[in-house]
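The next block holds one structure in the form of structure tokens; read it before the comments.
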Amino acid sequence: MCRPALDGSRGGSPHSAFFLEVFMHAYRTHTCGQLRKEAVGQHVRLSGWVHRRRDHGGLLFIDLRDHYGVTQCVVEPDSPAFAEADKCRSEWVITVTGPVVARTAETVNRELPTGEVEVRIEEVTIQSVAQELPLPVFGELDYPEDVRLKYRFLDLRRDRLHRNITLRSKVISSIRRRMIEQGFTEFQTPILTASSPEGARDFLVPSRLHPGKFYALPQAPQQFKQLIMVAGFDRYFQIAPCFRDEDARADRSPGEFYQLDLEMSFVTQEDVFAAVEPVLHGVFEEFSAGRAVNALPFPRIPYEESMLKYGVDKPDLRNPIVIADVSDVFSRKDVEFKAFKDKTVRAIPAPGAGAQPRSFFDRLNDWAKSEMGATGLGYVVFESEGGKLAGKGPIAKFLPADSLALLAERANLVGGDALFFSADAKKDRAAALAGQARIRLGKELGLTQEGRFEFCWIVDFPMYEWNEEEKKIDFSHNPFSMPNFDRTKFLALDPNDRDTILGIKAFQYDIVCNGVELSSGAIRNHDPDVMLKAFEIAGYSREVTEAKFSGMLNAFRYGAPPHGGTAPGIDRIVMLIAGEDNLREVTMFPMNQQAEDLMMGAPGEVSQRQLRELHIRIVQPEKG
RNA sequence: GGGGGCGUAGCUCAGUUGGUUAGAGUGUCGGCCUGUCACGCCGAAGGUCGCGGGUUCGAGCCCCGUCGCUCCCGCCA
């Protein structure tokens, strides 16, 4: 086509096209996002993808796109480049050469940073052609997830995803800079490690050298980072890949994800908060694009309080609704509503909901029954009648005036407001339904404020919980957390003293933003005796604990500093900042919900030879 | 493992109570068009209605099964 002659056979003055070609970069002198009015008159070369072509017969426009932007290029039929340019279709990769010209006032495109100029095509080189696209790059339409994932390289060309992934990179580099500025040091930890008995399901990697033995991919570098503290490195961080073989959710990638993993020595819980808060606050402010971030220090909310007031351990504080316990009101002798007697009853205020139609209340009731497995969601609508509050709705008739007034006071409601009730014999279930109802009400009544970030710490998690199915005590969260309990008394605990044990809090905390759990952390248990006792309570004999955690227990017997840390989820941070509600929108090459990589074909079958080397034989599950 | 939603042209979707040859937009191909920027106009090609079975004179539509995608529950120290 129109390649520059490199043998010098065509002579030319310094002003000839030939001179410019020879001294011009083979692919580009500028990017597609670079040219402005100041460049008018320059002879330039651009390379990129054909974003869009507009054929006017007598005039052909090609919008050329690369990572940096879009530049309009134009060619007329009498140009020697027209025939070649006319062949170009969407997503072909081409190189164009020609002068930058100013657009006339009427033809300037204000939407485009390069919209004041265009490149008049004198020469086109087709670098790569494209078949008809399974997924158009141009436009903002939504496409099926499987097509997007199979042709991820096309999806990634699209503006929104391209920007999200670029944003992710910027967020990570900002985090890294802020951590280093705070005196943290980045270290790598192994990817092939040992399976650990607690927590999620492991991904296993068979060992070739050791028949019948397996590595596991780390669920998190938990033990390693504690060992780094024992090794005296004081402040560690890592953008750490974590692998868990559990089912996916919109906010939980299948298989793998990244954490800002960090650990510090000689710290209290407040020291960890003080180290993490400015990093998160700083990075969210940096990329907030006008959205407010709540001020430091972030509120600390005890777990019990969160479960009462918000019905979840990850409250969305953009939602002003606060749940109240009203069990006592329904236990009063003058309240004859049998369905709520002797149950935990939580009241969810719905300010302004009195104006909603009957269908609004019915819909919530249906939702509670069908999706939450509840018997229903009772409600009362408050109305002002001559300066006094009157109750309306199906259960209002069971509530005498003074009980009604008490409810309104507890829920801080006035006429025109409504109050929903979540009741269950089990406190946890009443709280959970109330929590979900709070979220729905906040959204449907428009009370949850968009466009802001509300962080909080949830603190004082219980160390243990009762496993009803197996009738035993389990760790409720991280087994390596330090119990917030007198050491001597802890070591002397009777493992059957269930009431005392279930009341023990741990130095364990989550950080939550807008109802999304960003991280879980703890002050660690660095005392081997306390650790053995803690595991004994959860049903692990000393021998088992010694065997399973020998590496760490041993280390703690050679001088271990008190230490603690946390690990905010990188993907979720980027998701929040990008304003997306699915992790796949901020992950370059995600797997689908069934943990398959549709582009690369993973997981895939392997050869018999590979299996033999690994001493593995496949046993297919029986179909039935 | 369980529940909900979806599956119709390359892509996004419509398709009435079960009734003639399954439509639109976009993309593709062809024609026209010198200032568009979602260019416009005319025309054409493009369909195993996810797959299998059933009911029916007749199924995109109803029933059963199955597969795929997705959201949720379980699970996620």
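In the text below, chain A, chain B and the rest are named by the order of the sequence lines, each starting its count at 1.
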**Message:** Which nucleotide wins on minimum distance to the side chain of A:S90, given the candidates B:U28, B:C75, B:C76?
**Reply:**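 Per side-chain heavy atoms of A:S90, the pick is B:U28.
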
**Item:** Selected nucleotide, minimal atom distance to A:L59 side chain, candidates B:G35, B:C76, B:U28
**Value:**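 My answer, after comparing the listed nucleotides, is B:G35.
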
Is the closest basic N to carboxylate O distance between [X] and [Y] below 4.0 Å?
X: A:D316; Y: A:R438; answer: no
X: A:D510; Y: A:K314; answer: no
X: A:K150; Y: A:D146; answer: no

Between [N] and [X], is there an OP1 or OP2 to side-chain N/O distance shorter than 4.0 Å?
X: A:R54; N: B:U34; result: no
X: A:Q131; N: B:G10; result: no
X: A:N592; N: B:G68; result: no
X: A:R584; N: B:C71; result: yes
X: A:Q72; N: B:U36; result: no
X: A:R52; N: B:C39; result: yes
X: A:Q593; N: B:G68; result: no

Counting any heavy atom closer than 4.0 Å, what does [X] reach on the DNA or RNA strands: base, sugar-phosphate only, or nothing?
X: A:V108; result: base
X: A:R148; result: nothing
X: A:E596; result: sugar-phosphate
X: A:F475; result: sugar-phosphate
X: A:D251; result: nothing
X: A:L133; result: sugar-phosphate
X: A:Q222; result: base
X: A:R158; result: nothing
X: A:P134; result: sugar-phosphate

**Fill in**
On RNA chain B, more 5' by nearest nucleotide between A:Q508 and A:A250 is A:A250

**Item:** Residue mapping more 5' on RNA chain B - nearest nucleotide basis, A:P136 or A:P77
**Value:** A:P136

**Asked** In Watson-Crick or G-U wobble terms, both distances under 3.5 Å, what is the partner of B:C6?
**Response**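 B:G68 is the nucleotide pairing with B:C6.
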
**Message:** Between A:F475 and A:Y464 (judged by ring centroids, cut-off 6.0 Å), do the two rings come close enough to count as a pair?
**Reply:** yes

**Item:** Flag side-chain contact, heavy atom, 4.5 Å: A:R157 against A:E91
**Value:** yes

Given the structure, check if the side chain of [X] and the base of [N] hold any donor-acceptor pair shorter than 3.5 Å.
X: A:R252; N: B:C76; answer: yes
X: A:R249; N: B:U70; answer: no
X: A:R103; N: B:C37; answer: yes
X: A:D146; N: B:C69; answer: no
X: A:R120; N: B:G35; answer: yes

**A:H56-B:C39 aromatic stacking (under 5.5 Å, under 30°)** = yes

